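Quick notes on the structure that follows.
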Amino acid sequence: MSDSLHGITTGAVARRLGVSPTTVRSWEQRYGIGPAVREDGRHRRWSPADVAMLEEMCRLTASGVPPAEAARAARRTRSGGTAVVAGVPPVAEATDVEPSAYPPSEGSFRPGVGSGLPLGAVRQECRGLARAAVRLDGPAMEGLLRQVLAEYPLVTAWEEVIAPTLHAVGRKWESSGDRYVEVEHLLSWHVSTALRRAVLAGPAATGPTAPVVLACAPAEQHTLPLEALAAGLAERGLSVRMFGAAVPAEALDAAVRRLGPAAVALWSQTRSTANHALARQVAGTVFGVRGARTAPLVLLAGPGWLGRPLAPGTARPNGLREALDAVCGLYGERAESVRA
C-alpha cells in the first residue's frame with residue numbers, strides 16, 4: 001500500500017520536518033498534536049493532513065510563537081481552516097513578508113522557553129531564532145534573520161534578537177560539555193551571511209569621505225561583532241573596509257597608511273588577544289598633506305580591551321550603539337541613519 005493511503009511513520013515525518021522523532025512525540029503528548037488515527041490502534045501513521053499540521057507547527061514555532069499556541073493554530077489546518085496567530089503572517093504570505101507583519105508591542109518580550117536555551121525575557125523573534133538554531137533549521141534561520149533585519153534598525157536587531165540568541169547558545173555550549181557546537185557554528189554562519197547582505201544592501205557611500213577600517217586583533221578569530229558594526233555603518237551610508245579575523249599587525253599598518261581612514265575599529269574578545277602596542281601604533285599613524293595631517297580614531301572594541309587605561313587617540317565604546325555614535329560623530333550630519 002502507498003504512503004498516501006496509510007500515511008508515513010513518525011521517523012519519516014521527523015526526517016521530512018528536520019526535527020527528531022522525540023520532538024514529534026513530545027508535541028503529541030504535550031499539545032495533543034498527533035495523527036488523527038493510528039494503525040491497529042497503536043502505531044502512529046501520519047496522513048498528508050497530519051503532516052501539513054506538523055509543518056505548520058514548525059513554521060509557527062520558528063516564528064517565535066509559543067508551542068502551545070502554535071499547536072492550537074496548527075490543529076485548525078487539519079480541519080481545513082487557516083492557522084491565524086497574532087503577529088505571524090499566514091503561510092501563503094510567508095515567502096514575502098512585509099516589515100509591518102512583525103510590529104513591536106508590549107507582548108513582544110516573553111520568557112524564552114521552549115528552545116532549551118537560557119534566553120530570559122526576549123523578543124518573540126529571538127525565541128523563534130533560538131528554536132530554529134537548536135533544530136539546525138537553516139532555512140528557518142535564514143527567513144527569520146531576513147525578516148528581523150527588514151523590520152528593525154540594525155542596532156535593535158543585533159541587541160534584542162541576534163546577540164541574545166548567540167550568547168544563549170554560547171552559554172549552553174559552555175555548560176553542556178562541548179554539546180551544541182554544531183548549533184553555534186550553523187547559527188553563526190547564518191548571522192554572518194545576513195549581516196554581510198545588510199552591508200551590501202546599505203545606501204551607497206558618496207563623495208571622497210575617508211572610510212572606516214574594521215579588523216580583528218592579530219590573534220583574534222571572532223568577527224561577528226565587527227560584521228554587525230559594518231552593517232550599522234553601511235546602514236548610515238558610510239564607507240567600510242572589513243578585513244576580518246586575525247589581521248597581522250603589518251597588514252593592518254599597511255592598510256591604514258594606504259586608506260587614510262577616519263576610524264579603525266579593533267576587536268578583541270579576550271585579554272589574551274588585546275594587542276595594546278598595535279592599538280597605540282595605529283592611533284599614532286598620521287597621513288594627509290603637509291599642514292593638514294590627521295590620524296584615525298582607534299576604537300578598542302570588545303571585552304578584551306578592558307582593564308587598561310586608554311592611550312591617546314583611542315576610545316573604548318560600550319557596545320554597538322556607542323561604537324556607531326563614536327564613528328558617526330566624526331562625519332556629522334551625513335552619518336544620520338537612513339532608518340531613524
Side-chain angles (χ1 to χ4, degrees), residues 8 10-24 26-27 33 46 48-67 69-71 73-74 77 82-85 87-99 101-102 112 114-117 119 122-152 157-158 160-166 168-169 172 180-201 224 227-228 231:
I8 59 178
T10 297
V13 77
R15 287 191 295 272
R16 176 169 174 171
L17 297 173
V19 301
S20 70
T22 301
T23 296
V24 176
S26 71
W27 283 349
I33 189 165
W46 301 82
D50 296 331
V51 174
M53 173 185 66
L54 291 177
E55 288 174 337
E56 185 65 7
M57 177 75 172
C58 283
R59 187 184 75 85
L60 292 172
T61 55
S63 298
V65 178
E69 184 179 348
T77 65
T82 301
V84 178
V85 177
V88 180
V91 67
E93 302 173 19
T95 57
D96 187 17
V97 180
E98 293 296 326
Y102 291 91
S115 65
L117 299 178
L119 286 168
V122 293
R123 284 188 180 273
Q124 176 172 296
E125 297 91 340
C126 183
R127 292 186 290 114
L129 184 60
R131 290 193 184 102
V134 170
R135 292 202 311 269
L136 301 181
D137 190 340
M141 283 189 278
E142 166 74 10
L144 281 164
L145 288 166
R146 279 184 180 272
Q147 293 168 11
V148 166
L149 290 171
E151 167 65 16
Y152 301 116
W158 175 258
E160 299 182 10
V161 179
I162 298 173
T165 308
L166 288 167
V169 170
K172 190 71 173 180
Y180 286 85
V181 174
E182 71 283 5
V183 175
E184 183 179 42
H185 277 247
L186 187 63
L187 174 61
S188 296
W189 187 86
H190 280 283
V191 169
S192 177
T193 300
L195 292 173
R196 294 184 191 196
R197 187 168 52 236
V199 171
L200 297 175
L224 287 182
E227 292 177 42

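Since the structure is predicted, the reported quantities are computational estimates derived from the model, not experimental observations. Positions are given from 1 along the sequence.
Distance alone, capped at 3.5 Å, is enough to place a donor-acceptor pair between the T193 side chain and the W189 backbone.
Here I33 contributes atom CD1 and M57 contributes atom CE; the two are 5.0 Å apart, rounded to the nearest 0.5 Å. Annotation: the span from I162 atom CD1 to L145 atom CG amounts to 5.5 Å, rounded to 0.5 Å. Rounding to the nearest 0.5 Å places CG of L129 at 7.5 Å from CG of L166. Taken to the nearest 0.5 Å, the CH2 atom of W27 stands 6.5 Å off from the CG atom of L54. Rounding to the nearest 0.5 Å gives a distance of 11.5 Å between CG of L144 and CZ of R127. The CE atom of M141 sits 9.0 Å away from the CZ atom of R135 when rounded to the nearest 0.5 Å.
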Candidate pair E125 and Y152, rule side chain to side chain donor-acceptor pair (under 3.5 Å), full reasoning: CA-CA 11 Å; E125 297 91 340; Y152 301 116; 2.8 Å; yes
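Nearest heavy atoms, A140 versus D137: N-OD1, 3.1 Å. Taking each heavy atom of L224 and L195 in turn, the nearest pair found is O-CD1, 4.0 Å. Residues G138 and L186 share a closest heavy-atom pair of N-CD2, 4.5 Å.
By the 4.5 Å heavy-atom criterion applied to side chains, L200 and R196 are not counted as neighbours.
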